[in-house]
Trainee: 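If you scroll down you'll find the structure; I have some questions about it.
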Amino acid sequence: MSRDDRTSRYARFVALGDSQTEGLNDGDDARGYRGWADRLAEQLAAVNPNLLYANLAVRGRLAHEVRAEQLSPALAQFPDLVTVMAGVNDLIRPGFDAAAVSGHIEHMLGSLADTGATVVTFTYPDPGRRLPAGRLLTARTRDFNDRIRAVARRHGAVVADLSAHDVTSDPRLWSGDRLHLNALGHTRLAAAVAHALELPGSDAAWSEALPAQQELPAWRVAEAELRWVAGFVGPWLTRRMLGRSSGDGRKAKRPTLGPVRLPASADDPANIEP
């Protein structure tokens, strides 16, 4: 099958997941979030204007919640391309159960693959390379990624292997909270999925390192760490203690399949028809 055929065969694309797939922080709550899945939908729609796209992702969702809330609606829309990005919210919590979380992911991959759809899933960058306390999660992340690769092999899913490329830990791809990609990061991630799917025009350029930059003085680094702790770690810990989630009361931004409108400019977040 040629690359052109691979792209044109996709007519119904559904994305499942949490905040990364919802599109945080590529845009904002006022203008709307774009994100890598929207960007991938645009690339597909450029070849197939009849593409229909749904994004079921909701920020804060754990893997079992993605399975419980999004799998059945996804199956009901009979997609021929599905992405499943889940597990990071579980990974960073103290009670992380790798077997249980990878089991939820395997159930989703298997159920979707059984329909004949092309299914894409992901490995994750080492948080120890961008978060001060992230080194505590390095071994956990490696084990989790190995489990994801194994379940993907069992069900014939495509893996966008983000953990295999150093650039995915470059702080310039991440927003100020260091948990969500910025616009450049979402652009690179969309290109990574396109490359994994061997779409026309895709290549490995997404994995190339960014230009070297001058190191900041120690005082600037310390200042940035303090701002990060006050602005993001504190509120996150408060939500955990109160049993709250950033996704409380939120619904999917694109719950049903609909047409894709190509953006007027590269920075236009309002790329999906209402």
Side-chain angles (χ1 to χ4, degrees), residues 1-59 61 66 69-86 108 111-113 115-122 158 160 181 183 185-202 206 247 250-274:
M1 182 183 296
S2 71
R3 285 193 167 200
D4 286 336
D5 289 340
R6 287 191 183 99
T7 303
S8 60
R9 67 175 288 219
Y10 298 130
R12 303 168 71 87
F13 168 34
V14 178
L16 288 71
D18 51 34
S19 55
Q20 295 289 17
T21 301
E22 184 183 345
L24 277 67
N25 286 318
D26 185 6
D28 54 41
D29 278 322
R31 296 180 297 144
Y33 290 102
R34 190 178 183 187
W36 68 265
D38 288 15
R39 292 175 181 272
L40 179 64
E42 293 160 13
Q43 184 172 343
L44 294 166
V47 176
N48 178 11
N50 295 319
L51 176 80
L52 299 177
Y53 165 54
N55 188 320
L56 308 181
V58 178
R59 68 192 71 176
R61 293 302 192 256
V66 175
E69 299 170 11
Q70 300 175 28
L71 178 58
S72 291
L75 291 168
Q77 299 186 65
F78 303 102
D80 49 33
L81 174 64
V82 192
T83 57
V84 179
M85 181 179 249
M108 289 188 279
S111 299
L112 293 161
T115 70
T118 297
V119 183
V120 182
T121 194
F122 304 80
V158 176
L181 295 167
H186 280 284
T187 299
R188 288 266 183 146
L189 180 49
V193 179
H195 185 222
L197 288 169
E198 299 184 333
L199 300 184
S202 65
W206 72 270
R250 293 195 176 263
K251 297 180 180 180
K253 68 177 184 180
R254 185 69 176 173
T256 57
L257 289 167
V260 176
R261 175 174 60 84
L262 298 182
S265 70
D267 297 323
D268 178 12
N271 64 316
I272 304 301
E273 295 283 1

Trainee: Atom CZ in R9, atom CG in N48: separation rounded to 0.5 Å?
Mentor: 12.5 Å
Trainee: So which heavy atom on L262 is nearest to which on E42, and how close?
Mentor: CD2-O, 3.4 Å
Trainee: Do T121 and M108 touch side chain to side chain, with heavy atoms closer than 4.5 Å?
Mentor: no
Trainee: Which pair of heavy atoms, one from L52 and one from P259, lies closest together, and at what distance?
Mentor: CD2-N, 3.8 Å
Trainee: Work out which heavy atom in A196 is nearest to a heavy atom in A160; give both atom names and the distance.
Mentor: CB-CA, 4.3 Å
Trainee: Tell me, do N25 and Y33 make a side-chain contact under 4.5 Å, heavy atoms counted?
Mentor: yes
Trainee: Say whether, by atom type as modelled, one donor and one acceptor occur between the side chain of R34 and the main chain of G27 under 3.5 angstrom.
Mentor: no
Trainee: Side chains of L71 and V84: does their closest heavy-atom pair fall under 4.5 Å?
Mentor: no
Trainee: Only counting residues at least two apart or in another chain, list the ones meeting side-chain hydrogen bond (donor to acceptor under 3.5 Å, both in side chains) with E22.
Mentor: R59
Trainee: Backbone N or O of Q77 within a donor-acceptor pair of the R12 side chain at under 3.5 Å?
Mentor: yes
Trainee: Please list all pairs passing the salt bridge (charged side-chain N to carboxylate O under 4.0 Å, His left out) test where one or both residues lie in residues 185-197, with sequence neighbours left out.
Mentor: none
Trainee: Between T187 and D26, is there a side-chain heavy-atom distance shorter than 4.5 Å?
Mentor: no
Trainee: Have a look at M85 and tell me which of V66, V120, T21 forms a side chain to side chain contact (heavy atoms under 4.5 Å, CB included) with it.
Mentor: T21
Trainee: Determine the minimum heavy-atom distance between P79 and A74, stating which atoms define it.
Mentor: CD-O, 3.1 Å
Trainee: How long is the straight-line distance from OG1 of T83 back to CG of L56, given to the nearest 0.5 Å?
Mentor: 9.0 Å
Trainee: Would you call L75 and L112 a side-chain contact if the rule is heavy atoms closer than 4.5 Å?
Mentor: yes
Trainee: Please examine the side chains of V193 and Q43, heavy atoms only from C-beta on, and report whether any two atoms are closer than 4.5 Å.
Mentor: no
Trainee: Compare every heavy atom of H186 with every heavy atom of L24, then report the nearest pair and how far apart it is.
Mentor: O-NE2, 2.7 Å
Trainee: Looking only at non-hydrogen atoms, find the nearest pair between V47 and P49 and report the distance.
Mentor: O-CD, 3.5 Å
Trainee: Using 0.5 Å steps for rounding, measure from the CG atom of L16 to the CZ atom of R61.
Mentor: 12.5 Å
Trainee: To the nearest 0.5 Å, how far apart are CZ in F13 and CG in N55?
Mentor: 7.5 Å
Trainee: Would you say the side-chain atoms of D18 pair up with the backbone N or O of A86, donor to acceptor, closer than 3.5 Å?
Mentor: no
Trainee: A side-chain contact here means heavy atoms from C-beta on lying under 4.5 Å apart; do L197 and Y10 qualify?
Mentor: yes
